[in-house]
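Inspection log for the structure reproduced underneath, given as structure tokens.
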Amino acid sequence: DDEWALVRAGRHGVADYLTLAVGYGREHTSGVLDAVVRGLGFVHDYLTSGDTQTRFEAFARTLLQPLYDEVDFTAPPTDSDDRKALRATVVRAMADIGNAPEVATRARAAADRALAGTVPLDGTIASAVLHAAARHGDARLFDALLAAAERTSDPDEHYRYLYALTDFRDPALVARGLELAASPQLRSQDAAIYLAQFFGNPESRSSALAFVIDRWTALAPKVTVFGG
């Protein structure tokens, strides 16, 4: 965190941070790895594009692959809470920053099983798995997540499925997700936080801004009654 603060303040370069981050590729404390991943995520989302982003993703995969191989995708019953949290951080980072195909494939399979009601997701990793699956998801997954969000009576599951709708990258599904915010289907108390998720997704940020500006008259009563 201190090194990243120096980078943000312009006192150290990004290269200095990446050099330091290399030493944390096998970090086993979830909180420490979280801090490293946040910095890597900022570099990925805001400081790279095109070929440089592709190369940065390869760097991230190389950095995190050994730890991913160690913790694996599936938690054994003997895992501690910290180990589960570490796995969730690694899976999400490999999906987001590493754009790892294997993680996307395994996440989609796990999400499909959970949505079909056959093998539930462990609560610690569920959001990371759904996020990774949605990043490469199709209309069938979008429909299944929306149906699951409406069907479940568990508040945690409801929001987990609902917010996963904001992680899609397909423009048509991003548009569907945004339209949900203006529909009666989404409760007013959920609209502001739901919309905010789109601005955290680099693939939907510009579309979300355009949507909010264009549809503000319809959205304002929903997002301001609870947001102030």
Side-chain angles (χ1 to χ4, degrees), residues 30-31 33-46 53 56-57 60-61 64-65 67-68 71-75 84-116 119-150 152 154-178 180-181 186 190 193-205 207-208:
S30 59
L33 189 64
D34 273 337
V36 174
V37 165
R38 283 196 298 272
L40 294 175
F42 185 93
V43 175
H44 177 272
D45 292 350
Y46 294 100
Q53 189 167 85
F56 187 79
E57 289 171 351
R61 289 194 300 272
L64 295 169
Q65 187 72 49
L67 186 56
Y68 173 76
V71 300
D72 200 16
F73 191 89
T74 306
K84 291 178 180 179
L86 180 67
R87 179 179 295 102
T89 298
V90 174
V91 167
R92 189 173 183 115
M94 285 286 281
D96 269 359
I97 308 168
N99 196 24
E102 179 200 346
V103 175
T105 299
R106 295 186 72 176
R108 177 58 187 268
D112 285 344
R113 289 192 297 268
L115 291 165
V119 182
L121 294 170
D122 178 82
T124 309
I125 200 174
S127 292
V129 169
L130 294 175
H131 170 80
R135 275 174 51 83
H136 298 275
D138 52 16
R140 184 171 66 84
L141 180 60
F142 187 99
D143 291 339
L145 287 167
L146 180 58
E150 294 178 341
T152 184
D154 183 307
D156 289 338
E157 282 193 353
H158 169 75
Y159 288 112
R160 196 178 291 143
Y161 294 137
L162 180 67
Y163 294 156
L165 297 176
T166 71
D167 292 323
F168 286 81
R169 299 191 298 176
D170 183 312
L173 298 178
V174 170
R176 283 187 61 189
L178 288 168
L180 180 64
L186 187 72
D190 294 333
I193 296 177
Y194 173 77
L195 273 173
Q197 310 301 310
F198 286 97
F199 289 91
N201 178 354
E203 303 294 332
S204 63
R205 193 174 293 135
S207 297

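- Atom NE2 of His136 sits about 12.5 Å away from atom CG of Asp170, to the nearest 0.5 Å.
- Shown here are the side chain to side chain contact (heavy atoms under 4.5 Å, CB included) partners of Ala100, two or more places apart in sequence or in another chain: Arg61, Met94, Val103.
- Checking side-chain atoms of Gln53 against main-chain N and O of His44 turns up a donor-acceptor pair under 3.5 Å.
- Every side chain to side chain contact (heavy atoms under 4.5 Å, CB included) that Asp138 has, sequence neighbours left out, goes to Arg108, Arg140, Leu141.
- Shown here for Ala133 and Ala111, the closest heavy-atom pair between the two residues is CB-CB, 4.0 Å.
- Here the shortest heavy-atom pairing between Ala208 and Phe198 reads CB-CB, 3.6 Å.
- The main-chain N or O of Thr166 is found under 3.5 Å from a side-chain atom of Asn201 such that the two form a donor-acceptor pair.
- In this structure, Arg92 and Ala128 approach most closely via the heavy-atom pair CB-CB, 4.0 Å.
- Tyr161 meets the ring pair (Phe, Tyr, Trp, His ring centres under 6.0 Å) test with no other residue; sequence neighbours excluded.
- Judged by distance alone, with hydrogens and angles left aside, the side-chain atoms of Arg205 form a donor-acceptor pair with the main-chain N or O of Phe199 at under 3.5 Å.
- Side-chain contact of Asp154 with Thr152: a donor-acceptor pair under 3.5 Å is absent, judged by distance alone.
- The two residues Gly41 and Ile97 have their closest heavy-atom pair at N-CD1, 3.6 Å.
- The OG atom of Ser204 lies 11.5 Å from the CG atom of Leu173; values are rounded to the nearest 0.5 Å.
- Arg135 places a side-chain N or O within 3.5 Å of a backbone atom of Ala95 that can act as its donor or acceptor partner.
- Across all their heavy atoms, Ala93 and Leu64 have their closest contact at CB-CD1, 3.7 Å.
- Asp96 and His131 form a side-chain donor-acceptor contact under 3.5 Å, judged by distance and modelled atom types alone.
- Taking the side chain as every heavy atom from C-beta outward, Val37 and Asp34 never approach each other to under 4.5 Å.
- Once rounded to the nearest 0.5 Å, the distance linking CG of Leu165 with CD of Gln197 reads 11.0 Å.
- Across all non-hydrogen atoms, the minimal contact from Leu130 to Ala164 is CB-CB, 4.1 Å.
- Ring geometry for Phe73 versus Tyr68: interplanar angle over 60°, hence perpendicular rather than tilted (30 to 60°).
- Legend: residues meeting side chain to side chain contact (heavy atoms under 4.5 Å, CB included) with Ser207, ordered by chain and number and at least two apart, are Val174, Leu178.
- Considering only residues two or more places apart in sequence or on other chains, Phe142 meets the ring pair (Phe, Tyr, Trp, His ring centres under 6.0 Å) condition with Phe168.
- Salt bridge present: Asp72 and Arg106 bring a charged side-chain N and a carboxylate O closer than 4.0 Å.
- In this structure, Asp143 pairs ionically with Arg176, as a charged nitrogen and a carboxylate oxygen lie closer than 4.0 Å.
- Partners of Tyr159 under the ring pair (Phe, Tyr, Trp, His ring centres under 6.0 Å) rule, at least two apart in sequence or in another chain, are Tyr163.
- Side-chain contact between Leu162 and Leu186: present, with at least one pair of heavy atoms (C-beta onward) separated by less than 4.5 Å.
- Distance CZ/Arg87 to CG/Leu33: 13.0 Å, rounded to 0.5 Å.
- Atom CD of Glu150 sits about 11.5 Å away from atom CG of Leu145, to the nearest 0.5 Å.
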